[in-house]
Amino acid sequence: MMKKIFNIAIILMAATLLFGCGKKEEAPAEEAKEAVKVEVTATGPTIDAIKEKGKIVMGTSADFPPMEWISFQNGKEEFVGVDIALGKAIADSLGVELEVKNMAFEGLIGSLKAGDVDMVIAGMQADADRKEQVDFSEPYFSGDQVIVTLEENKDKYKTVDDLNGKIVGTQLGTIQQKYGLEKFGDNCKGFDLNNVIIEQLKNKSIDAALLSELPAKQFVNIADGLAIVGDIGLPKEDGNAVAVKKGNDDLTQAISEVVKGLKDSNQIDKWIDEYIELSNKEAAK
Ligand code: ARG
């Protein structure tokens with residue numbers, strides 16, 4: 001119903017732009033300008049538009065330490081992590097504020113395409129399927145994927161095939177879910193949040209979790225009785241990058257410059273160490 005109203009509104013708006021309201025025929029130049037504006041937003045905000053707004057909006061899924069999580073350090077909720085620091089560096093380079101919008105990982109690409117966020121930084125792989133929908137900056141990090149199980153089961157798995165017939169939990173919309181579905185079919189279960197996967201593992205509703213390595217290490221640190229299974233030959237993740245609306249070359253290039261600078265000065269590695277330490281400190285409390 002809402003969608004219908006929305007569609008009608010869009011059609012009316014387009015008709016107004018194209019034909020004017022009947023009375024306003026004397027202002028064709030204004031209308032032409034409006035039409036151009038609509039076209040520009042189809043590829044997301046230009047750098048000028050972001051500067052005018054005074055902020056850049058970053059979408060993330062803050063359930064993924066040390067890349068992004070919600071810290072309760074000083075009595076208040078705060079988004080922290082490597083990706084948040086990267087977002088701030090990008091905002092600083094443009095001279096604007098950073099606004100963080102937290103949402104389910106699965107919804108991030110859709111939000112970017114809809115223009116609800118200007119960029120996505122969420123430990124997201126620049127994988128081929130996603131590249132059909134959005135553009136990516138230079139990669140800023142690469143890691144492995146691992147299996148997490150209960151400590152007592154960790155030696156049961158020597159190869160990926162040993163997981164056949166087991167229930168494997170993954171986060172919805174991730175490359176882990178894609179791989180899991182290909183490999184284990186219905187035995188691969190999808191969950192919105194990583195901490196839910198960890199809960200499911202602890203109460204034995206699932207046998208294993210397929211996760212990116214750095215967050216997996218943090219979850220194992222935080223939760224008792226879990227362990228990372230030794231190398232069983234899972235494919236490597238090949239490059240986390242910042243996602244930007246398709247065709248927004250202007251912004252993609254500016255972000256890639258920031259990423260290159262941070263990699264050259266080893267700042268990303270320093271942040272990784274720093275946020276692993278912070279996450280461990282919070283877990284110890
Ligand atoms: N690296 C994986 C992917 O690209 C998982 C990312 C999950 N990120 C998160 N913030 N929960 O699909």
Side-chain angles (χ1 to χ4, degrees), residues 56-72 77-91 98-127 129-131 133-137 139-146 148 168-181 188-201 206 209-220 222-223 237 239-245 255 268 271-272 275-276 278-279 282-283:
I56 186 161
V57 184
M58 154 181 173
T60 196
S61 170
D63 64 341
F64 207 57
M67 305 317 270
E68 53 261 338
W69 78 101
I70 299 173
S71 159
F72 295 99
E77 283 191 14
E78 207 188 340
F79 296 112
V80 293
V82 176
D83 288 344
I84 310 292
L86 172 56
K88 283 207 181 103
I90 292 167
L98 176 73
E99 181 182 323
V100 178
K101 275 198 188 171
N102 189 25
M103 61 189 83
F105 186 81
E106 195 183 26
L108 285 167
I109 298 248
S111 286
L112 184 58
K113 288 169 79 177
D116 294 338
V117 299
D118 302 322
M119 60 179 175
V120 167
I121 319 181
M124 184 181 272
Q125 278 305 295
D127 90 317
D129 286 348
R130 291 179 183 146
K131 277 185 185 161
Q133 305 195 61
V134 295
D135 285 342
F136 283 98
S137 71
Y140 61 91
F141 174 75
S142 280
D144 286 318
Q145 314 187 71
V146 294
V148 178
V168 180
T170 58
Q171 185 171 33
L172 289 167
T174 60
I175 55 164
Q176 283 72 33
Q177 189 199 19
K178 193 172 119 192
Y179 178 83
L181 286 172
C188 174
K189 302 278 179 236
F191 301 93
D192 249 346
L193 293 171
N194 280 308
N195 52 310
V196 174
I197 303 179
I198 297 304
E199 281 311 312
Q200 296 280 315
L201 206 51
I206 60 175
L210 174 55
L211 301 165
S212 302
E213 184 178 25
L214 287 189
K217 282 187 174 158
Q218 290 316 114
F219 295 133
V220 167
I222 294 165
E237 290 201 31
N240 291 177
V242 181
V244 172
K245 209 167 178 186
I255 292 175
I268 304 268
W271 279 335
I272 290 173
Y275 287 106
I276 286 177
L278 178 63
S279 164
E282 289 194 4

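We count residues from 1, following the sequence as given.
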Is N194 reaching over with its side chain to a backbone N or O of F64, donor-acceptor style, under 3.5 angstrom?
no

Open item on the list: Looking only at the side chains, is there a donor atom on one of Q218 and W69 sitting less than 3.5 Å from an acceptor on the other?
Closed with: no

What one should report as the nearest heavy-atom pair of A241 and P139 is CB-CA, 3.9 Å

Rounded to the nearest 0.5 Å, the CD atom of E99 sits from the CD1 atom of I56 at a distance of 11.0 Å

So, do I109 and M124 sit near enough that their side-chain heavy atoms are less than 4.5 Å apart? yes

To the nearest 0.5 Å, atom CD1 of I90 lies from atom CD1 of I255 at 4.5 Å

Between the CD atom in E106 and the CG atom in L193, the distance rounded to the nearest 0.5 Å is 11.5 Å

- F141 vs I272, side-chain contact (heavy atoms from CB on, under 4.5 Å): CA-CA, chis, key distance, verdict: CA-CA 10 Å; F141 174 75; I272 290 173; 3.5 Å; yes

Between the OG atom in S142 and the CD atom in E237, the distance rounded to the nearest 0.5 Å is 8.5 Å

| message | Determine whether K101 and S111 satisfy the following criterion, side-chain contact (heavy atoms from CB on, under 4.5 Å), listing intermediate values before the conclusion. | response | CA-CA 10 Å; K101 275 198 188 171; S111 286; over 6 Å; no

Paired with D83, the side-chain contact (heavy atoms from CB on, under 4.5 Å) test is passed by just one of N240, V120, I121, namely I121

Review point. Considering only heavy atoms from C-beta outward, does the side chain of M103 approach that of V117 to under 4.5 Å?
Key: yes

Close side-chain approach of I276 and K217, heavy atoms under 4.5 Å: no

Tightest non-hydrogen contact, residues S279 and I222, listed as OG-CD1, 4.3 Å

Problem set entry | Any side-chain heavy-atom pair of Y179 and T174 under 4.5 Å | no

Nearest heavy-atom contact between K245 and K113 is CE-O, 3.0 Å

Nearest heavy-atom approach of G190 to Q177 is CA-NE2, 4.3 Å

Could you check if a side-chain atom of L211 sits within less than 4.5 angstrom of a side-chain atom of I198, using non-hydrogen atoms only? yes

Problem set entry | F136 side chain near K131 side chain, heavy-atom distance below 4.5 Å | yes

Derivation of the side-chain contact (heavy atoms from CB on, under 4.5 Å) call for F191 and Q171:
CA-CA 5 Å; F191 301 93; Q171 185 171 33; over 6 Å; no

When every non-hydrogen atom of P215 is compared with those of P66, the smallest separation belongs to N-CD, 4.1 Å

Separation between NZ (K88) and CD1 (I84), nearest 0.5 Å, reads 7.0 Å

Closest non-hydrogen atoms of Q176 and S212, given as atom of the first, atom of the second and distance, are NE2-OG, 3.6 Å

Within-4.5 Å side-chain heavy-atom neighbours: V82 and L214:
no

Rounded to the nearest 0.5 angstrom, the OG1-CE distance for T60 and M119 is 10.0 Å

Exactly one candidate in V148, T170, I197, V146 meets side-chain contact (heavy atoms from CB on, under 4.5 Å) with L210; the answer is T170

request  = Check whether any side-chain heavy atom of I175 lies under 4.5 Å from a side-chain heavy atom of R130, and answer yes or no.
outcome  = yes

